[in-house]
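Remarks on the structure that follows.
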Amino acid sequence: MVSVPDAAPVRRNRLTAWFRRSEAAQGYALMSPTLVVLVVGIAVPLLILIAMSMWTRDGFGFDMTPTFANYERAATEPIFGTLLTRSFFVSGLATFFTVLLCYPMAYYVAFHVHRNKMLWIVLMTLPFWTSYLLRVFAWRVILGYEGVINSAFLTAGWIEAPLEFLLYSQTAVIITLAHAWAAFAILPLYVSLEKIDKSLLEAATDLGDGPFTRFMRITLPLSMPGVISACFLIFIPTTGDYITPALLGGPDGVMIGNLIQLQFGPVNNWPMGSALSIVLMAWIAALALVFLFLTRKAKDQLA
């Protein structure tokens with residue numbers, strides 16, 4: 001009697017051989033722990049947030065009947081649109097000034113520092129190792145009516161009364177956000193500038209380009225991936241920031257994040273807070289797609 005081999009080991013051997021030959025399968029296997037964390041930590045809470053945004057508050061509980069009433073309210077009540085526009089405005093200015101101030105720092109380290117570059121990077125990011133909340137309170141002391149700036153100006157005789165616009169204003173929020181998120185701009189800018197082939201700059205110099213022309217034609221276009229990354233890393237989180245506006249913004253510095261925190265906190269209207277969060281994420285995603293489209297189109301025209 002001829003024995004028939006067991007089918008299970010044969011299938012197992014075939015699967016093992018296929019897995020060893022397939023680079024895609026090995027890649028997915030390496031990514032599987034990360035994918036599980038992303039699904040559990042991001043996708044599941046996002047689905048819960050979307051489902052909750054379609055509920056309504058009913059006393060101290062929630063009515064789980066699906067409805068778009070929260071989205072209709074977010075679209076029709078002027079306060080929501082005003083705070084959303086203010087959030088984009090403040091975050092946009094904070095992003096612009098952060099990248100503008102950090103670009104020269106990253107440029108200097110990438111092109112003019114030849115030894116101990118890592119030490120320079122550590123020194124530039126060292127102030128950001130402290131707590132975010134402590135840095136916000138530090139700026140509150142610096143910008144206060146009796147703070148460092150006003151005290152110095154009063155002592156020097158440059159002003160007769162403290163500058164009121166420094167604290168509890170949009171100016172204070174922009175300054176603090178620009179400082180608090182500077183490290184997230186320096187690192188991608190430095191990496192992008194460091195990858196630029198220095199021989200291209202030497203060739204441009206040999207062809208007669210001056211420093212400014214060389215920068216505009218070679219350095220800036222080739223460093224745009226780092227600029228774009230820095231803009232995204234700053235604009236997206238600062239739009240929903242609520243700590244800085246709460247401590248330094250005052251009435252004119254309240255942003256959409258403060259309203260969302262209010263809905264999840266004292267107001268106890270989680271469905272409305274969920275709807276505002278979804279609207280904010282949708283707007284940020286739309287702006288990011290438009291920005292990427294315009295950037296790619298400009299890059300194609302330069303090419």
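What's counted below: heavy atoms across the whole structure, side chains too, no hydrogens, waters or symmetry copies. Computed from a prediction, not measured in an experiment: that's the story for all the values here.
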Using distance only, find each side-chain donor-acceptor pair of residues 220-234 under 3.5 Å and give its atom names and separation, not counting sequence neighbours.
from   : atom 1 : to     : atom 2 : distance (Å)
Ser223 : OG     : Tyr103 : OH     : 2.7
Ser223 : OG     : Thr219 : O      : 2.9
Ser223 : OG     : Leu220 : O      : 3.0
Ser229 : OG     : Pro225 : O      : 2.9

Result block: side-chain N/O donor-acceptor pairs under 3.5 angstrom for residues 274-281, not counting sequence neighbours:
from   : atom 1 : to     : atom 2 : distance (Å)
Ser274 : OG     : Trp270 : O      : 2.8
Ser277 : OG     : Gly273 : O      : 2.8

List the atom pairs, with distances to 0.1 Å, where a side-chain N or O of residues 42-58 and a protein N or O form a donor-acceptor pair under 3.5 Å, not counting sequence neighbours.
from  : atom 1 : to     : atom 2 : distance (Å)
Ser53 : OG     : Ile50  : O      : 2.5
Ser53 : OG     : Tyr71  : OH     : 2.6
Trp55 : NE1    : Ala51  : O      : 3.2
Arg57 : NH1    : Val267 : O      : 2.6

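Leu123 forms part of a hydrophobic cluster together with Leu119, judged by ILVMFWY side-chain heavy-atom separations under 4.5 Å.
None of Val90, Ile284, Leu84, Thr95 except one satisfies the side chain to side chain contact (heavy atoms under 4.5 Å, CB included) rule with Thr239; the exception is Ile284.
Two residues are said to be in side-chain contact when any heavy atoms from C-beta on lie closer than 4.5 Å; Trp129 and Val122 meet this criterion. Side chains of Ile186 and Met105 form a contact here, defined as non-hydrogen atoms less than 4.5 Å apart. In this structure, the side chains of Leu189 and Tyr107 stay at 4.5 Å or more apart for every pair of heavy atoms. Two residues are said to be in side-chain contact when any heavy atoms from C-beta on lie closer than 4.5 Å; Trp139 and Leu248 meet this criterion. Using a 4.5 Å cut-off on side-chain heavy atoms (C-beta onward), Phe80 and Met272 make contact. With contacts defined as side-chain heavy-atom distances shorter than 4.5 Å, the pair Thr98/Phe184 does not qualify. Residues Glu194 and Val109 have side chains not in contact (no heavy-atom distance under 4.5 Å, counting atoms from C-beta outward). Considering only heavy atoms from C-beta on, Val173 comes within 4.5 Å of Met255 through its side chain.
Heavy atoms from other residues, nucleotides or ligands lying under 6.0 Å from CZ of Phe111 number more than 12. Taking a 6.0 Å sphere around CZ of Phe215, one finds it holds more than 12 heavy atoms contributed by other residues, nucleotides or ligands.
Listed by chain and number, the residues in a side-chain hydrogen bond (donor to acceptor under 3.5 Å, both in side chains) with Asn116 amount to none (sequence neighbours excluded). Residues that satisfy the side chain to side chain contact (heavy atoms under 4.5 Å, CB included) test with Thr213, not counting sequence neighbours, are Asp209, Arg217. Every salt bridge (Lys or Arg N to Asp or Glu O under 4.0 Å) that Glu77 has, sequence neighbours left out, goes to Arg73. Residues forming a ring pair (Phe, Tyr, Trp, His ring centres under 6.0 Å) with Phe68 (at least two apart in sequence, or on another chain): none. With sequence neighbours left out, the side chain to side chain contact (heavy atoms under 4.5 Å, CB included) criterion links Leu163 to Asn150, Phe153, Ile159, Phe165, Leu166. Looking at residues two or more places apart in sequence or on another chain, you find a side chain to side chain contact (heavy atoms under 4.5 Å, CB included) between Asp241 and Tyr132, Leu177, Trp181, Ile243, Thr244, Pro245. Among residues two or more places apart in sequence or in another chain, the side chain to side chain contact (heavy atoms under 4.5 Å, CB included) test is passed with His114 by none.
No donor-acceptor distance shorter than 3.5 angstrom exists from the side chain of Ser192 to the backbone of Pro188, with no hydrogens or angles considered. Side chain of Thr238 to main chain of Phe235: a donor-acceptor pair is present (N/O by atom type, distance under 3.5 Å, no hydrogens or angles).
Legend: side chain to side chain donor-acceptor pair (under 3.5 Å) pairs involving residues 160-174, not counting sequence neighbours, sorted by first then second residue: Arg140-Tyr168.
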